[in-house]
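Only one structure is covered here, and it is reproduced in the block below.
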Amino acid sequence: MESKEIERKYILPPCNPKRLLKFLGIPYQKSKIVQFYTPDHIRYRQRNGHFYKTIKKGEGIERTEIEHLITKEEFAKAFMHAQGAIIHKTRYLATIEGRIYEFDWFKDQLRGLAFLEVEFPSLQEAKEFTPPPKIAQIILDEVTKNPNFTNASLALHGMPIIDADLTKLLEDAKSAAVNRLQAKVILNFHPYHDISYLLKATIYALLHIILNNKNAILAGDQDSERLHQLRIAMRKIRSYLTLFSHIHTVPKDLQKELSYVMKQTNRARDIDVALAWMEEYKKELPPNLEHHLDAIIKELQKQKAKSDKELHEFLHSEAFKKVLADLAEFCQKVEIANLPAIIAAKRLLKKELKRIKKMSKNLSKKSYPKDFHKMRIEAKKLRYLLELFQTILEPRYFKKALTLAKEFQTILGEHQDFVVQIDYLRQLQQEHKNKALAYLVEFLEKKAKKRRKKFLEKRKKLKMLPSFIQDALCRYEVN
């Protein structure tokens, strides 16, 4: 039977279909669909125990469709000639304001992909159509005229993406990083841009923040925050490369180079932090012990002058220039992962949440400080991921998830700071035997213990994170 197929197609966020439709208050009928294509571009489909052979002509909003009901045997025979992947999806059929809406959620290699298709009796009605508000709020984009999003293209090429210009994205990333001190940038991205481009643009922005801070340090800026933010940018880049290693090919030497650079800047940063600690320590000491730290502070100030000189030499070094050049080359190389950013976001966040849940469950009062430090690293990675995907997540739930991730990172970060300070003071005790150091070690051990206790008391709030993140992914642009 030949007929005109007039429809518009939209992409939806990668959320649980039943949960989404329940949230929208939409009743539906469910059916499972299996379909494939043969080399002559004919579609074969199985739905609710029936089998169909369909020929479509044309593209975009209006196409000609010739469909026949066939036997199971004919379907099986055609299956032997299937080209590309077999598509498995679940269709949720809903009637809204008298119009039929087809919500399709895909499985297997297309998991996370979701479409909404709406058919019309006339081309004019299709052109005039505007999705009702409760549907419009979950639509990511219309792809009616984008050939990457046809089912035939899905079978042949897999997960679809919306094409982007990497050069333009890198230019925008560089502009966002101009004169920035803090290692944080917000890049506007389409949810269906390839995740590789989002990764590269973010790293490119962080690279220019590193350059900003490096140039300021070499120009004589004495603000210790410059080195701190340079290191945070490096740490973020290293974390992203680690988190994305199973999705995107990363040059083997690049992570080693980043680790080497971090180590070369450790000494200068440690002395900056130690001097800041000493000023704080003096406030905690009994009056009769305050002067005991004066000699140590003077020694640290001498060491700082030496470490600053070494830092300047390193920032001028070929090794540092090479890692920046290698990062720039990595960012500018055009390559894609064939994975939309928002679907990658769901997979990566889900994986990180699973890791955090397992690690948190194993922590107790008897756990070693290093175990809490590992937990801190994972909390930090979760925060970095949330920041990376900020502009493709629903703002309200994104903020809730980020606030919670920051809370745990802060508690664990303070704990780690105390642990590092205790180790540093114990090293000083071997060189400078005085009562002030012994007093401070005991004081900081109590502080560290309180932070461990605080985390263990609050970790039950971790159960809220998956819900916040799911809602951030699912309810796109909900007011």
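Every value quoted in this text rests on a predicted model; they were computed, and no experiment measured them.
With salt bridges taken as basic N to acidic carboxylate O contacts below 4.0 Å, none links Asp194 and Lys200. Using a 4.0 Å cut-off between a side-chain N of Lys or Arg and a carboxylate O of Asp or Glu, Glu407 and Lys458 qualify as a salt bridge. A salt bridge links Arg355 to Glu352: at least one charged side-chain nitrogen sits closer than 4.0 Å to a carboxylate oxygen. A salt bridge does not link Asp294 to Lys298: none of the charged nitrogens lies less than 4.0 Å from a carboxylate oxygen. Between Glu142 and Lys9 there is no salt bridge, since no side-chain nitrogen of the basic residue lies less than 4.0 Å from a carboxylate oxygen of the acidic one. Taking the charged nitrogens against the carboxylate oxygens, Glu414 and Lys454 have no contact shorter than 4.0 Å, which rules out a salt bridge. Salt-bridge formation is not detected for the pair Glu171/Lys174: no Lys NZ or Arg NE/NH1/NH2 atom is positioned less than 4.0 Å from an Asp or Glu carboxylate oxygen.
Side-chain rings of His208 and Tyr204 approach one another, their centers coming within less than 6.0 Å. Aromatic ring centres of His193 and Phe189: separated by under 6.0 Å. For an aromatic pair to be called close, the ring centres must be under 6.0 Å apart, and Phe106 with Phe115 satisfies this. Checked against the 6.0 Å centroid threshold, Tyr192 and Phe149 count as a close aromatic pair. You'll find the ring centres of Phe408 and Phe455 inside the 6.0 Å limit.
For the side chain to side chain donor-acceptor pair (under 3.5 Å) criterion with Gln409, the lone passing option out of Arg383, Lys380, Lys381 is Arg383.
A donor-acceptor pair shorter than 3.5 Å cannot be found between the side chains of Arg180 and Gln229.
Under the 3.5 Å distance criterion, the side-chain polar atoms of Ser245 are matched with a main-chain donor or acceptor of Thr242. Between the Tyr92 side chain and the Leu21 main chain, no donor and acceptor come within less than 3.5 Å of each other.
Shortest non-hydrogen contact noted between Pro13 and Ala114 is O-CB, 4.1 Å. A pairwise comparison of heavy atoms in Met159 and Pro340 identifies CG-CD, 3.2 Å as the closest pair. Taking both residues in full, the closest heavy atoms of Gln182 and Ile209 are given as O-CD1, 3.4 Å, listed atom of the first, atom of the second, then distance.
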